[in-house]
Number of protein chains: 2
Amino acid sequence: MNKYNQIYSDIVADIDNQRFAQGERIPSETELMSQYQASRGTVRKAVDMLQERGYVQKIHGKGVYVLKPGNIEFQLSGIVSFQEMNDRMGRQVVSQVAALEAVLADAALARQMGVAEATPLVKIKRVRNIDGENVIVDINHFVAELVPGLDAGVAAGSIYHYIEQQLGLTISYAQRIIEAQPCNEDDRQYLDLNGMDHVIVVKNLTHLYDGRLFEYTESRHRLDKFYFTDIARR
Amino acid sequence: MNKYNQIYSDIVADIDNQRFAQGERIPSETELMSQYQASRGTVRKAVDMLQERGYVQKIHGKGVYVLKPGNIEFQLSGIVSFQEMNDRMGRQVVSQVAALEAVLADAALARQMGVAEATPLVKIKRVRNIDGENVIVDINHFVAELVPGLDAGVAAGSIYHYIEQQLGLTISYAQRIIEAQPCNEDDRQYLDLNGMDHVIVVKNLTHLYDGRLFEYTESRHRLDKFYFTDIARR
DNA sequence: CAGAATTTGTACGTATGTATG
DNA sequence: TCATACATACGTACAAATTCT
């Protein structure tokens, strides 16, 4: 591992385990330099990462202060797969593959994804059951060319894990859109709506490290089960 | 202005004006160094900022590529005030101050804000009218001690502008929570709900540069007028 | 209040490693 | 194989904000 990543993850662990408590200062740059036998630039890079990800707040002339650690764990900043999120939150979750088919991008989808019409896609619908209720429908559209061997067996587990570990692709960024929509047929068919007539839709355009678009996903959440948090910086 | 900020904002302008088009490479680090007579570290800092904010994607060994510029303008990453956002989007917007009063934090509010019970607050309700319909209610709770002179006149304009320019405070980060809630009395009173029975609530805990909590805000959006986008990185 | 010490911010420079074409 | 371009890591100097003496 990198030196700055080592420093970063050590401090994250210290914060999560409350060895550095909320409101406390972490060691100064000088101290970290000698602890890790690292240069100032390397230490600063690690601390900058901590600040970007909401762990700390740097104050000129004073030091680096730990923010609330509790929030971090429930945070969705960064790209986190459904499985990773629920592992962290420890909920009773069952995913069921409702459909898996090869399709060609129609006009609307091609526009939204920024690919040519009739591009071969793998379309997967999965229903997420949390604590006994069907509350999320995920509809993935993968660019077929980029995900060979994506079958029902893989879809039943973590697709992201398959893509990164098995195929060796690097996922780098996603544009994310959150909005509300009236329920459609899929929602009524798959979700326990309890009379609610809207869902919250999270759209994800996920890209590989080299910039190629790799999937378009819609996550359709029942209103009362949707929760999103992050940290914004000015 | 800083050197790296200068480089950063020059390139942002070039991207926004399509002088660097989507998918194109921006000048390499070496070229930027000679253009700006800057060191490698300075140039890299500017480009890192571009990537953090979703303008570009760096690829090892190839170059730095411009992502879709159009999305950036409608982006809510970072802390953006209502007024700033609508200035950028060019919508017909009217804000009306529905209430402004001094209150003391009750138990629920004190817990949510992490302040002592009975802390003096300034509570402001504002209704946002977009294209002729009342679609958002903003309910701000400012820590009274930190915002002297915050009256109806100020509230009618941009409160953020007042706080940063007049009071000289630096806003640095906010924890943001997005969820859906059933409509409450405020929603029914102030919004044109058209029969919708839920709203999307954006909660903001905004902090100053020195880490002090400074306001808690609830923005209650009519479902069909809510839209949020950002870029997530893994 | 002045000055020293500490701490983060900006900027420069160099060397070497790794990925791409 | 070689050139180009980004990644990591080292080092230095001075500026600016805060705190301590």
Side-chain angles (χ1 to χ4, degrees), chain A residues 1-11 20 23-52 55-67 164 168-173 207-212 233-234, chain B residues 1-11 20 23-52 55-67 164 168-173 207-212 233-234:
Chain A
M1 177 146 39
N2 292 337
K3 213 159 186 176
Y4 67 77
N5 263 305
Q6 188 60 58
I7 301 175
Y8 165 80
S9 44
D10 281 2
I11 299 178
F20 298 148
E24 297 289 300
R25 274 184 47 196
I26 67 171
S28 72
E29 291 173 358
T30 326
E31 289 173 276
L32 290 172
M33 284 167 69
S34 75
Q35 272 182 46
Y36 285 93
Q37 288 299 302
S39 72
R40 178 120 185 266
T42 303
V43 166
R44 280 181 64 80
K45 172 135 190 173
V47 176
D48 285 348
M49 285 172 63
L50 288 167
Q51 166 151 311
E52 272 165 41
Y55 287 101
V56 300
Q57 171 73 13
K58 300 166 73 166
I59 304 183
H60 192 172
K62 292 185 76 173
V64 179
Y65 292 84
V66 177
L67 302 175
E164 294 192 308
L169 299 175
T170 306
I171 296 167
S172 97
Y173 71 94
H207 297 256
L208 297 175
Y209 175 67
D210 63 4
R212 282 182 295 179
R233 293 191 172 273
R234 192 157 175 81
Chain B
M1 176 145 42
N2 293 337
K3 212 159 187 176
Y4 67 77
N5 264 303
Q6 187 62 59
I7 301 173
Y8 165 80
S9 43
D10 280 1
I11 299 178
F20 297 149
E24 296 289 299
R25 274 185 48 196
I26 67 170
S28 72
E29 292 173 356
T30 325
E31 289 174 275
L32 290 172
M33 283 168 70
S34 73
Q35 271 182 47
Y36 285 94
Q37 289 298 302
S39 71
R40 181 108 190 275
T42 303
V43 165
R44 278 181 66 79
K45 173 136 189 172
V47 177
D48 285 349
M49 285 172 64
L50 289 167
Q51 166 151 313
E52 272 166 41
Y55 287 101
V56 301
Q57 170 73 12
K58 299 165 73 167
I59 303 183
H60 194 168
K62 293 186 74 174
V64 179
Y65 291 83
V66 177
L67 303 176
E164 295 193 308
L169 299 175
T170 306
I171 296 166
S172 94
Y173 71 94
H207 297 255
L208 296 175
Y209 176 66
D210 63 4
R212 283 181 295 179
R233 289 188 177 277
R234 189 155 177 85

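Below, each value reflects all heavy atoms present in this structure, side chains not excepted, and no hydrogens, waters or symmetry copies. Every chain is numbered from 1 and lettered A, B, ... according to where its sequence line falls, protein lines coming before strand lines.
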Visitor: Toward the 5' end of DNA chain D, which comes first, B:K62 or B:Y209, by nearest nucleotide?
Guide: B:K62
Visitor: From C-beta outward on A:R40, which listed nucleotide comes closest to its side chain: D:dC6, C:dT8, C:dC12?
Guide: C:dT8
Visitor: Quick check for you: to the nearest 0.5 Å, what is the distance between B:L169 atom CG and B:E164 atom CD?
Guide: 8.5 Å
Visitor: Can a side chain N or O of B:Y4 be found less than 4.0 Å away from OP1 or OP2 on C:dA11?
Guide: no
Visitor: Out of curiosity, A:L50 CG to A:I11 CD1, how far, rounded to the nearest 0.5 Å?
Guide: 5.0 Å
Visitor: From D:dT8, C:dC12, C:dT7, pick the nucleotide closest to the side chain of B:R44?
Guide: D:dT8
Visitor: Respond yes when some side-chain nitrogen or oxygen of A:K3 is under 4.0 Å from OP1 or OP2 of D:dT8, and no when none is.
Guide: no
Visitor: Assign A:G41 to base, sugar-phosphate, or nothing according to its heavy-atom contacts below 4.0 angstrom with the strands shown.
Guide: nothing
Visitor: Is there, by distance only and without an angle test, a donor paired with an acceptor across the side chain of B:H60 and the base of D:dA7 below 3.5 Å?
Guide: no
Visitor: Report yes if a side-chain nitrogen or oxygen of B:R25 is closer than 4.0 Å to either non-bridging phosphate oxygen (OP1 or OP2) of D:dA5; otherwise report no.
Guide: yes
Visitor: Among C:dC12, C:dT8, D:dA7, which nucleotide has an atom closest to any side-chain atom of A:E29?
Guide: C:dT8
Visitor: Can you label the angle between the A:Y8 ring and the A:Y55 ring as parallel, tilted or perpendicular, going by 30° and 60°?
Guide: perpendicular
Visitor: Determine the minimum heavy-atom distance between A:G63 and A:R25, stating which atoms define it.
Guide: CA-NE, 4.1 Å
Visitor: Can you tell me how far P of D:dT8 sits from OH of A:Y36, to the nearest Å?
Guide: 17 Å
Visitor: Closer than 4.0 Å, any side-chain N/O of A:T42 to the OP1 or OP2 of D:dC10?
Guide: yes
Visitor: Between C:dG9, D:dC10, D:dC6, which one does the side chain of A:K58 approach most closely?
Guide: C:dG9
Visitor: What heavy-atom pair brings B:V47 and B:L32 nearest, and what distance separates the two atoms?
Guide: CG2-CD1, 4.2 Å
Visitor: On DNA chain C, does the nearest nucleotide to A:P27 precede the nearest nucleotide to B:Q37 from the 5' side, or the other way round? Give the residue.
Guide: A:P27
Visitor: Using a cut-off of 4.0 Å on non-hydrogen atoms, how would the nucleic acid contact of B:Q51 be classed: base, sugar-phosphate, or nothing?
Guide: nothing
Visitor: Regarding B:V64, tell me which of base, sugar-phosphate or nothing describes its non-hydrogen contacts under 4.0 Å with the strands shown.
Guide: sugar-phosphate
